[in-house]
There are 2 protein chains.
Amino acid sequence: MSKLTPIVPCTTCPIRHSAVCAECDSDELAMLSAIKSYRTVPAGAPLASAGETLEHFSSIVTGCATMSRTLEDGRRQTVGLLLPSDYIGRPGRAQAAFDVEALSEVTLCRFERRAFEKLLRDTPHVASRLLKMTLDELDAARDWAVVLGRMTAREKVATFLVSLARRQMAVALGDPIGGPVTMHLPLSREAMADHLGLTIETTSRQMTALRKDGLIELPTTRDIRIPDFGALALEAGDDGDGGLIV
Amino acid sequence: MSKLTPIVPCTTCPIRHSAVCAECDSDELAMLSAIKSYRTVPAGAPLASAGETLEHFSSIVTGCATMSRTLEDGRRQTVGLLLPSDYIGRPGRAQAAFDVEALSEVTLCRFERRAFEKLLRDTPHVASRLLKMTLDELDAARDWAVVLGRMTAREKVATFLVSLARRQMAVALGDPIGGPVTMHLPLSREAMADHLGLTIETTSRQMTALRKDGLIELPTTRDIRIPDFGALALEAGDDGDGGLIV
DNA sequence: CGGTTCATTGAGCCACATCAAGAAGTGTGG
DNA sequence: CCACACTTCTTGATGTGGCTCAATGAACCG
């Protein structure tokens, strides 16, 4: 289900400057390296299950995962989309609060929970970085509540595409304002629907509607081109004055 | 709009064991006391405005507030209900991400932002407590996403009442399982609707429906009695196996 | 080339929103 | 203490956005 991956030096790690280790100096990186291990799992693999123990704190190095909860009757809501540098697990608690599932092949940089908790106490740069990331995640989760609670299906889909494009561009180094953007959709229509609090049919219909309105192009169902990023952002109700952050 | 409140010693503070100071020893409390100040604001007063500067980090000592965002066209979504020991503001950023408004008279224990950031660096017990509280808030925000995205109006209202009762009981010391509960509703129907992603009419109708079904009693519109807490929890889709946390 | 999975599209319905009117509670001034 | 205004809550009537059910289409794969 998962395979061990050779350990690479932190200096060449793609998330060196955005993960929990971002603020670390070389001495601290050495401490991290001493206890880290990598793990790679295929698309579809579970990375955590709500209520079950989770003995590692992991950062996503490459790939994409969802965090979700499923109610007893099968209704599912995704509560977070995890991209490189996002973390899974929490210090001080061995029990996972949500299901986490790999959407693509995912490579994790992992620390055994106890060892990571010790690290938090010993290396202030890790603790402060984790606090900052958690505060950012909290803001993002609250922003998403506005989407789920108050937006129409069309706004939800447009907001999702815009925020996904922003995050992908943050990793790469594109110009975030205006012009055309091309990207791969890491989520199926069903995963998008679960994230947006919609059904798969409504999600599909809104994608079609946005396409017919010329706001997006769909060379394949999993690839999207946004000819005018600003126009789509407007559709998302994002007037650029700092409404949403996600 | 706000009035200065006499400073009381931390040892008699009602949130001494649940706020950011919870883990502090007496020496650390002395450091906090040296820079804290109190402020009391009347119901309805704004405690923060999205996009504007917020030069204090504050804990709610008594009272109740909402954190919300309003879209340009007037749609509003509450993203957090703040009760005693919850905090307002964030270290490392002077700009508020959301509006915060007092629902009742609120007394705050405040720290000037820069001084609090220094405190975070110098007193590990404050930093670790803040991290733990933020992780808890993040879990709660994600739990709430499930409510907003996937629950029916009836389930939303029941879930809200159950979680409010749980939080109030946590402050007091009631038995959380089973039996009857009586509490004051700190929110108007409109504030409830904004929190639940519903209209005020639907919220009112669901309250009436729960009353007619014998699940709640409403001696006044702002006071509620839950004759059988377990029955209402069931209505909320909470089977007690650790679904929701909020 | 059939089987399987995923996405799209259509038809009809229903939960919740919207629009509108009362009712109940709250405060103010005479 | 009452009269009046005002706000909040409740209830009713109607509309509609998104859900449900159902079928078809497209991509992938052995």
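Keep in mind the model is a prediction, meaning the values are calculated, not measured. The chains referred to below are lettered A, B, ... by the order of the sequence lines, with proteins before strands, and numbering in each begins at 1.
Nucleic acid contact for B:R222: sugar-phosphate only, since backbone atoms but no base atoms lie under 4.0 Å from a heavy atom of the residue. Nucleic acid contact for B:T220: none, since no nucleic acid atom lies under 4.0 Å from a heavy atom of the residue.
Summarising the geometry, the separation between CD1 on A:I200 and C1' on D:dA23 is reported as 15 Å, rounded to the nearest angstrom. Atom P of nucleotide D:dT8 and atom CG of B:L185 are separated by 16 Å, given to the nearest angstrom. Whole-Å rounding puts the B:L218 CG to C:dA23 P distance at 20 Å. Atom CE in B:M151 sits about 21 Å away from atom P in D:dG18, given to the nearest Å.
Using cut-offs of 30° and 60° for the angle between ring planes, the A:F160 and A:W144 rings count as perpendicular.
Minimum atom distance to the side chain of A:T221 is reached by C:dT8, of the listed C:dT18, C:dT8, D:dC19. Here the nucleotide nearest the side chain of B:R189, chosen from D:dG18, D:dT11, D:dC9, is D:dC9.
Residues A:T134 and A:E137 have side chains that never bring a donor and an acceptor to within less than 3.5 angstrom of each other. A donor and an acceptor atom, one from each side chain of A:T78 and A:T66, are nowhere located under 3.5 Å apart.
Taking 4.0 angstrom as the limit, B:S204 places a side-chain polar atom (N or O) nearer than this to OP1 or OP2 of D:dT10. For A:T199 and D:dT20, the shortest distance from a side-chain N or O to OP1 or OP2 is not below 4.0 Å. Phosphate proximity of D:dT10 to B:T208: absent, as no side-chain N or O sits under 4.0 Å from OP1 or OP2. Look at B:R205 and you won't find any side-chain N or O under 4.0 angstrom from OP1 or OP2 of D:dT10.
Looking at B:Q77, its side chain does come within 3.5 Å of a backbone N or O of B:H195 through a donor-acceptor pair.
Put simply, the side chain of B:E201 and the base of C:dC19 share a donor and an acceptor less than 3.5 Å apart.
A residue-by-residue look at B:L187 and A:R154 shows that B:L187 has its nearest nucleotide of DNA chain D further toward the 5' end.
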